[in-house]
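Everything numeric in this text was worked out from a predicted model, so none of it was measured. Residue numbers start at 1 and run along the sequence shown.
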Amino acid sequence: MSADAVKKTSKPLGQRLLDSGLISQEQLDIALNEGKSRGIYLGQALENLGILSQDVITQFLADESSTEIVDINKYPIDPETVKLVPYNIANHYQIMPLSHNERAIKIAVADTLNILAIDALELETGMSVDVVTAPKNDIFEAIERCYVRQDSIENTIKTLLGNNDESLDETSSDTMPIIQLVDMIIAKAIKTRSTDIHFEPDQKVFRVRFRIDGVMHQEVLVPKELQRALTARLKIMGNLDITETRIPMDGRISFKTGTRVVDLRVSTLPISNGESIVLRVLDKDRVTLDLETLGFLPKSRQLVREILTNPHGLILVTGPTGSGKTSTLYAALSIVSTLEKNVLTLEDPIEYDLPLIRQTPVNPEIGMDFPTGLRAMLRQDPDIIMVGEIRDAETANLAIRASLTGHLVISTLHTNSAVAAIPRLSDMGIQPYLVSASLRAIIAQRLVRRICAHCKTEIKDAQKELDALGAKVKIKAGHMFFKGAGCDACSGTGYHGRVGLYEIFKMDSSYHDYIVNNTDVKTIEKAAIKNGMRKLIHDGIEKALKGLTTLEEVFKITDE
């Protein structure tokens, strides 16, 4: 599409979506208010609210302007073309240069009718502009991937050491080189989809590691001389006391990268060689409120939706730390949250802001713990309550009694399987008859790495690989399994992103006697499987057959 065609209309995106019938005036008003309050674009607000997905918006914009949709992740982007457009222009207008000739430059934009972006590019390059469209998130990731700043992390470290004859201390934390170094590390972590950034003091170095797709990767070894300055800088960013080094502390950072603001949860821990600092990356743009995207297969999605139609009762999501339980809770809330329901949450901490839901943070330092918050919530006329985690007997008792008095309560518990939640509640002192009367369902889950879509290949001898893993499973004729060969998109790992494995135990009256008589877990589990429950490993093998993950990941995570 040419720039002249783009300039034929100047209606705002919201008005164009309204005119097309894709959204109503009420939905547009809600999305505009959401975008204004959170400082995000209309398209992102529509997606966050579940009104329109990014794919639908991209298809609408392409159809509207008769523009080709391209997959930037597979497009052969010309490095010389990238050099023609400064990073600040590409980032500000969210445009990705793709290729060029003597007269014209080809770019990808999310909104093909963004006149300001076209004008700015024509002025900058002196060329005519040909436009194609792509999803906004893909464009943003391509910009971050293709525009590399001149100074690398290693070069910045060398510059810092070269300008100082002795160790830098806390007073150096507000100098530009230290600020730049910390910002570069955090920006790279966000760009590589890291969920956690670890700053680990060793005896001779200050180690920085990223957790990507659940696996730790060493990023850089920072010389010990910079440890105190970097530690102080991180604590200042998190509004923590830099003079206190003897006790653990928690804080929060709002970090701006491009047009986005990413929240970072800060945790410090005194160890023998200094303070270990971990930043949990809470990227709102990456959170998904959709069961399908999380990895629920069609039958599982239908079962979860059936479970959520219960007007009252207790629904638990179980699994170890970092298994995606919070994402499942948020996805469940997105299904049950409507204007007709009063939905309240109690979280420690609030990881993502949810529309139409009142969220309350836990703060034990001022006496606002889970039991106190839960008691207060019950006086707020709730229909649905989400409790971030059941940690103790008092919270468990309150949650169960709330579920028995007309409220739907959704929470998490740390157990290895779905059925194991029953004896866990009994261990907390909950009477078995209350467990039987309140529980509606238990969802156990794990996260496995997803095969990279760009380098997915069929495994030629999958049985041999299974035997090497020690798995006593025989592959049926016609079944195919896959793995990632490794490419630039996945940094050679063969994996990109993660997908959930789920074990859904739907409760009914047939389990009453088992629970009341304190029957062992194995017996209840056999009864549940007989009634249709699929274990984690069965869900994992099906996802391996569908090419979503590998057999190695399934057997490693399920430990079977």
Side-chain angles (χ1 to χ4, degrees), residues 71-77 137-138 140-148 152-154 184-200 207-221 257 262 278-281 283 285-288 293-295 320-324 327 445-462 464-466 468-469 471 480-501 536 539-541 543-559:
D71 184 348
I72 291 185
N73 295 318
K74 296 180 180 179
Y75 199 94
I77 297 172
N137 285 350
D138 287 357
F140 179 81
E141 289 179 1
I143 291 170
E144 294 299 307
R145 184 173 67 247
C146 296
Y147 281 89
V148 181
S152 66
I153 292 174
E154 289 78 8
M184 290 173 72
I185 291 172
I186 295 174
K188 186 169 184 181
I190 294 169
K191 184 168 66 173
T192 56
R193 301 173 295 103
S194 303
T195 55
D196 300 271
I197 312 168
H198 291 246
F199 295 86
E200 305 166 337
R207 190 186 312 275
V208 179
R209 295 196 291 170
F210 296 165
R211 186 179 292 280
I212 304 171
D213 296 335
V215 178
M216 296 285 278
H217 298 269
Q218 183 167 293
E219 177 57 32
V220 65
L221 293 176
T257 173
V262 176
V278 177
L279 308 183
R280 168 63 57 88
V281 181
D283 190 347
D285 285 354
R286 295 194 183 278
V287 68
T288 177
T293 307
L294 288 175
T321 300
S323 58
S327 295
Q445 67 179 77
R446 299 290 189 279
L447 290 178
V448 292
R449 289 184 290 175
R450 189 188 290 266
I451 297 173
C452 175
H454 303 293
C455 60
K456 182 168 73 174
T457 57
E458 182 185 346
I459 299 174
K460 298 301 181 184
D461 192 349
K464 184 178 179 180
E465 293 205 10
L466 269 176
L469 291 170
M480 295 186 299
F481 293 92
F482 303 85
K483 65 180 179 181
C487 64
D488 291 340
C490 61
S491 301
T493 64
Y495 297 99
H496 191 280
R498 290 194 286 179
V499 64
L501 306 186
L536 287 167
D539 192 46
I541 290 174
K543 281 165 183 165
L545 280 167
K546 291 180 178 295
L548 296 175
T549 188
T550 61
L551 289 169
E552 182 180 5
E553 281 289 294
V554 172
F555 285 100
K556 179 174 68 177
I557 297 298
T558 58
D559 195 30

>> Before you tell me yes or no, could you show the steps for I557 and L447 under side chain to side chain contact (heavy atoms under 4.5 Å, CB included), namely the whole-Å CA-CA distance, both residues' side-chain angles and the distance that decides it to 0.1 Å?
In response: CA-CA 8 Å; I557 297 298; L447 290 178; over 6 Å; no
Calculate, to the nearest 0.5 Å, the distance between atoms [atom1] and [atom2] belonging to [X] and [Y] respectively.
| X | Y | atom1 | atom2 | value |
| --- | --- | --- | --- | --- |
| T195 | R498 | OG1 | CZ | 5.5 Å |
| M184 | K191 | CE | NZ | 9.0 Å |
| I72 | I143 | CD1 | CD1 | 8.0 Å |
| D213 | R193 | CG | CZ | 4.5 Å |
| M480 | E458 | CE | CD | 5.0 Å |
| D539 | T549 | CG | OG1 | 11.0 Å |

>> I'd like to know whether K543 forms a side chain to side chain contact (heavy atoms under 4.5 Å, CB included) with L501, so could you lay out the CA-CA distance, the side-chain angles of the two residues, the decisive distance to 0.1 Å, and finally the verdict.
In response: CA-CA 8 Å; K543 281 165 183 165; L501 306 186; 3.8 Å; yes
> Can you list every pair that meets side chain to side chain donor-acceptor pair (under 3.5 Å) and has a residue in residues 481-491, with sequence neighbours left out?
Replying inline: none
Would you name the heavy atoms of [X] and [Y] that are closest together and state the gap between them?
| X | Y | answer |
| --- | --- | --- |
| G494 | C455 | CA-SG, 4.2 Å |
| L551 | A544 | CD2-CB, 4.0 Å |
| A489 | H454 | CB-CD2, 3.3 Å |
| R449 | E553 | N-OE1, 2.8 Å |

> What residues form a side-chain contact (heavy atoms from CB on, under 4.5 Å) with K188, not counting sequence neighbours?
Replying inline: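 For K188 the side-chain contact (heavy atoms from CB on, under 4.5 Å) partners, ignoring immediate neighbours, are I153, T192, F210, E219.
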Are the side chains of [Y] and [X] in contact, using a 4.5 Å heavy-atom criterion?
| X | Y | answer |
| --- | --- | --- |
| L545 | F481 | yes |
| T550 | I451 | yes |
| I185 | F199 | yes |

Could you pull out all residues at least two apart from [X] that satisfy salt bridge (charged side-chain N to carboxylate O under 4.0 Å, His left out)?
| X | value |
| --- | --- |
| R450 | none |
| R280 | D196 |
| R211 | none |

>> Tell me every residue that passes side chain to side chain donor-acceptor pair (under 3.5 Å) with Q445, counting only those two or more places apart in sequence or in another chain.
In response: T328
>> Against Q218, only a single residue in R209, R207, E200 fulfils side-chain hydrogen bond (donor to acceptor under 3.5 Å, both in side chains); can you say which?
In response: R207
